[in-house]
Structure formats: C-alpha cells, structure tokens
Amino acid sequence: MAEGGAVRAEADRVPAARTGCWAPGTEILWRYRENAGARFHIARPVTVVRDDDELLAVWLAPGTECVKPVLADGTPVHVEPLESRYTKPRTVQLDHWFGTGVLKLARPGEPWSVWLFWEPGWQFKNWYVNLESPLVRWDGGVDSEDHFLDISVHPDRSWHWRDEDEFAQAQLDGLMDSSAAEQVRKAGRSAVEVIRAWGPPFSDGWQHWRPDPSWVVPSLPEDWDRTPARVST
C-alpha cells in the first residue's frame with residue numbers, strides 16, 4: 001500500500017485509556033489518513049478475528065465496499081506517473097475489495113501491520129508488511145497513516161522491499177522529511193529482524209486460519225469519515 005504519511009496530533013483528539021477489546025465478529029473500520037492532511041482517504045470495513053493486549057486481527061472480506069483515493073479527474077492513483085502521483089489534486093471514491101480477502105494483524109504500538117494474502121482456493125500467497133503509524137483506536141475502529149515503504153515475505157521465508165520508488169518520491173514531494181523517513185527505515189529494519197528470526201506473527205500459523213462462515217460482509221457506514229471524539233493507542 002502506498003498512501004499516507006505520519007500520524008499527527010489533532011486538537012479534537014482526547015487521549016483515552018484502552019477500556020476494552022472488541023469481541024470476535026465485531027465489525028469495525030480500518031482507516032488511513034491522507035499524506036500531509038487530516039482527511040481520511042482509505043476506509044475499509046473489517047470483521048474482528050481477535051483483539052487483546054497482544055494483537056488485533058481483522059478480516060477484510062472479498063467484495064467489501066471501501067473508500068479509496070483517486071485523482072480529481074477519476075484516474076486511479078497507480079496509473080498516474082510517479083513524478084506527478086503525489087502532487088495532483090485528489091478525491092475519494094467508493095469501490096469494492098477485489099480478489100480474495102485479506103487478514104490484517106497489528107500489535108499495539110508497532111509501526112507496521114502484517115497482511116496475509118491468498119490465491120483462490122485458499123492457496124497461501126504471501127505476508128505483506130505495511131509500514132505505517134501505530135494504530136490509533138476509537139470506538140468504531142482504528143486509524144493510521146501509511147509510510148509508503150513495504151516488505152513482501154514469501155512462504156519460503158525470503159523477503160524483499162517494496163515501493164522504494166514511491167518512498168523516495170514522497171520525500172522529493174515534501175510529504176515526508178528526512179527525519180521521518182529515517183524513522184520509517186528504522187521501523188523497516190526492525191521488521192526485517194523479526195522476519196529473519198521468524199518471530200510472530202510469521203511463526204504463528206495464521207496462514208492456516210479461515211473466516212467464520214457465518215460472518216457477513218460488513219457494510220460501509222455513511223459516516224465512514226467521522227472524527228472520533230476519543231481515541232487511544
């Protein structure tokens with residue numbers, strides 16, 4: 001994923017202690033803010049698989065209605081040449097998650113989440129480390145901002161960096177200064193250490209997980225972009 005920047009404090013955010021966990025089957029929103037801005041430009045309804053002091057796991061079901069960023073003229077972001085991808089005006093549009101579903105895993109306070117992808121027929125494809133701000137919890141879901149740089153991890157435990165060109169372009173376009181970029185690199189190196197040691201969640205067997213067949217595809221709420229009054233980390 002290549003949208004987002006660094007989470008910024010806002011006057012309307014009131015720090016709050018974590019008061020509880022979502023039960024499995026609860027429907028929440030997983031959102032990302034735009035780069036160098038306060039608006040949400042990605043919103044995905046997901047179903048909670050697990051939520052405790054060690055891990056939040058959610059399921060993004062195939063066909064889920066989502067919000068995604070596009071250029072103001074409707075051009076898909078990934079089609080625009082990299083040199084102008086982050087400088088042209090944008091808007092958002094509704095779409096549906098295509099292909100197979102995605103299992104997303106995030107540890108509290110960690111500057112990345114790990115996504116699991118499958119081919120049709122539940123043939124495991126790969127893990128995807130999405131470098132991002134630690135998730136911020138609110139009553140209806142979690143918020144973050146993407147940091148451009150990512151890592152693909154394959155079933156044979158090999159790995160490689162992804163989107164390094166977008167990471168570099170974001171810095172050239174002023175969406176991330178050198179200090180923030182170094183923090184992202186530092187987070188990436190930490191993630192690589194976990195991969196090389198084959199620590200959790202890679203060692204936890206999540207590739208064998210399957211969603212509860214009774215779960216329905218969550219609906220996108222009309223107020224998907226609402227600003228929560230109270231948040232916690």
Side-chain angles (χ1 to χ4, degrees), residues 1-4 21-34 39-51 55-80 90-106 112-130 132 135-146 150-155 162-163 166 201 204-226 228:
M1 178 180 155
E3 309 299 336
C21 298
W22 291 300
T26 303
E27 298 176 5
I28 64 172
L29 284 174
W30 186 297
R31 308 189 299 184
Y32 289 93
R33 294 180 184 274
E34 63 185 353
R39 298 182 304 174
F40 294 105
H41 68 169
I42 293 175
R44 297 167 180 162
V46 295
T47 302
V48 173
V49 175
R50 169 184 162 185
D51 183 32
L55 185 73
L56 171 64
V58 303
W59 171 241
L60 174 58
T64 301
E65 186 176 34
C66 302
V67 176
K68 72 174 186 179
V70 294
L71 299 188
D73 63 2
T75 300
V77 170
H78 71 276
V79 173
E80 181 68 18
R90 292 190 182 190
T91 186
V92 297
Q93 73 177 26
L94 300 181
D95 202 348
H96 289 82
W97 188 262
F98 61 90
T100 58
V102 180
L103 180 67
K104 298 187 177 188
L105 312 173
W112 66 78
S113 58
V114 178
W115 304 1
L116 283 77
F117 290 88
W118 288 266
E119 300 286 4
W122 287 105
Q123 177 65 39
F124 182 63
K125 182 180 179 182
N126 67 285
W127 294 270
Y128 183 92
V129 179
N130 198 71
E132 59 189 37
L135 295 181
V136 175
R137 298 171 64 99
W138 53 287
D139 60 353
V142 292
D143 298 340
S144 181
E145 292 188 16
D146 186 80
D150 306 298
I151 307 170
S152 278
V153 184
H154 303 284
R162 293 182 56 123
D163 304 324
E166 297 184 356
D204 290 341
W206 282 103
Q207 65 271 30
H208 306 299
W209 174 88
R210 300 292 183 267
D212 187 325
S214 69
W215 288 347
V216 299
V217 176
S219 298
L220 181 71
E222 292 184 2
D223 60 347
W224 58 266
D225 59 346
R226 65 190 182 274

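Numbering starts at 1 and runs along the sequence shown.
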Exercise answer: donor-acceptor pairs, residues 60-77 side-chain atoms, under 3.5 Å, sequence neighbours excluded:
from  : atom 1 : to    : atom 2 : distance (Å)
Thr64 : OG1    : Ala61 : O      : 2.6
Lys68 : NZ     : Asp95 : OD2    : 2.8
Asp73 : OD1    : Thr75 : N      : 3.0
Asp73 : OD1    : Thr75 : OG1    : 2.8
Asp73 : OD2    : Thr75 : OG1    : 3.3

Response to the item:
Value for CZ (Arg39) from CZ (Arg33), rounded to nearest 0.5 Å, stands at 12.0 Å

Practice prompt. Might you point out which heavy atoms bring Ala57 and Leu105 nearest each other, and give the distance in Å?
Written response: CB-CD2, 3.5 Å

Worksheet item: For Ser214, does its backbone N or O pair with a side-chain atom of Asp212 as donor and acceptor, under 3.5 Å?
Response: yes

Worksheet item: Do Asp143 and Trp138 have a side chain donor and acceptor closer than 3.5 Å?
Response: yes

Worksheet item: Could you give the distance from CG (Leu55) to CG (Asp51), rounded to the nearest 0.5 Å?
Response: 8.5 Å

Discussion item. Pairing donors with acceptors under 3.5 angstrom, does anything connect the side chains of Glu119 and Thr100?
Written reply: no

Fill in: Derivation of the side chain to side chain contact (heavy atoms under 4.5 Å, CB included) call for Trp224 and Val92
CA-CA 12 Å; Trp224 58 266; Val92 297; 4.2 Å; yes

Discussion item. Ring-plane angle category for Tyr32 and Trp30, please: parallel below 30°, perpendicular beyond 60°, tilted otherwise.
Written reply: tilted

Worksheet item: In terms of ring plane angle, is the pair Phe124 and Trp118 parallel, tilted or perpendicular, where the classes change at 30° and 60°?
Response: perpendicular

Worksheet entry | Nearest-0.5 Å distance that lies between atom OG in Ser144 and atom CH2 in Trp112 | 13.0 Å

Practice prompt. Kindly give the heavy-atom pair with the smallest separation between Leu103 and Val49, and that separation in Å.
Written response: CD1-CG2, 4.0 Å

Worksheet item: When rounded to the nearest 0.5 angstrom, what is the spacing between CG in Leu94 and CG in Leu220?
Response: 6.5 Å

Response to the item:
Value for CG (Asp225) from CG (Leu29), rounded to nearest 0.5 Å, stands at 10.0 Å

Item to complete: Identify the heavy atoms of His154 and Trp127 that sit nearest to each other, and give their distance.
Response: O-CZ3, 3.6 Å

Response to the item:
By side-chain hydrogen bond (donor to acceptor under 3.5 Å, both in side chains), Thr47 pairs with (sequence neighbours left out) none

Item to complete: Check whether any side-chain heavy atom of Glu34 sits under 4.5 Å from a side-chain heavy atom of Phe40, and report yes or no.
Response: no

Worksheet entry | Minimum heavy-atom distance Ala43-Pro45, with the two atoms named | O-CD, 4.1 Å

Worksheet item: Do Val136 and Val142 pass the side chain to side chain contact (heavy atoms under 4.5 Å, CB included) test, and can you show the C-alpha distance, the side-chain angles, and the key distance before you say yes or no?
Response: CA-CA 5 Å; Val136 175; Val142 292; over 6 Å; no

Item to complete: Report yes if some heavy atom in the side chain of Asp150 is under 4.5 Å from a heavy atom in the side chain of Val129; otherwise report no.
Response: no

Discussion item. In the structure I gave you, are the side-chain heavy atoms of Val153 and Asn126 within less than 4.5 Å of one another anywhere?
Written reply: no

Practice prompt. Report yes or no: is the cationic atom of Lys104 (NZ for Lys, CZ for Arg) under 6.0 Å from the centre of the six-membered ring of Trp115, at an angle within 45° of the ring normal?
Written response: yes

Worksheet entry | Beyond-backbone contact of Val48 with Trp59, side-chain heavy atoms, under 4.5 angstrom | no

Worksheet item: Is the charged tip of Arg137 near the ring of Trp22: under 6.0 Å from the six-membered ring centre and within 45° of its axis?
Response: yes

Discussion item. Angle between ring planes, Tyr128 versus Phe117, binned at 30° and 60°: parallel, tilted or perpendicular?
Written reply: perpendicular

Fill in: Heavy-atom pair of closest approach, residues Arg31 and Arg226
NH1-O, 2.9 Å

Worksheet item: Nearest 0.5 Å, what's the CD-CZ distance between Glu80 and Arg90?
Response: 9.0 Å

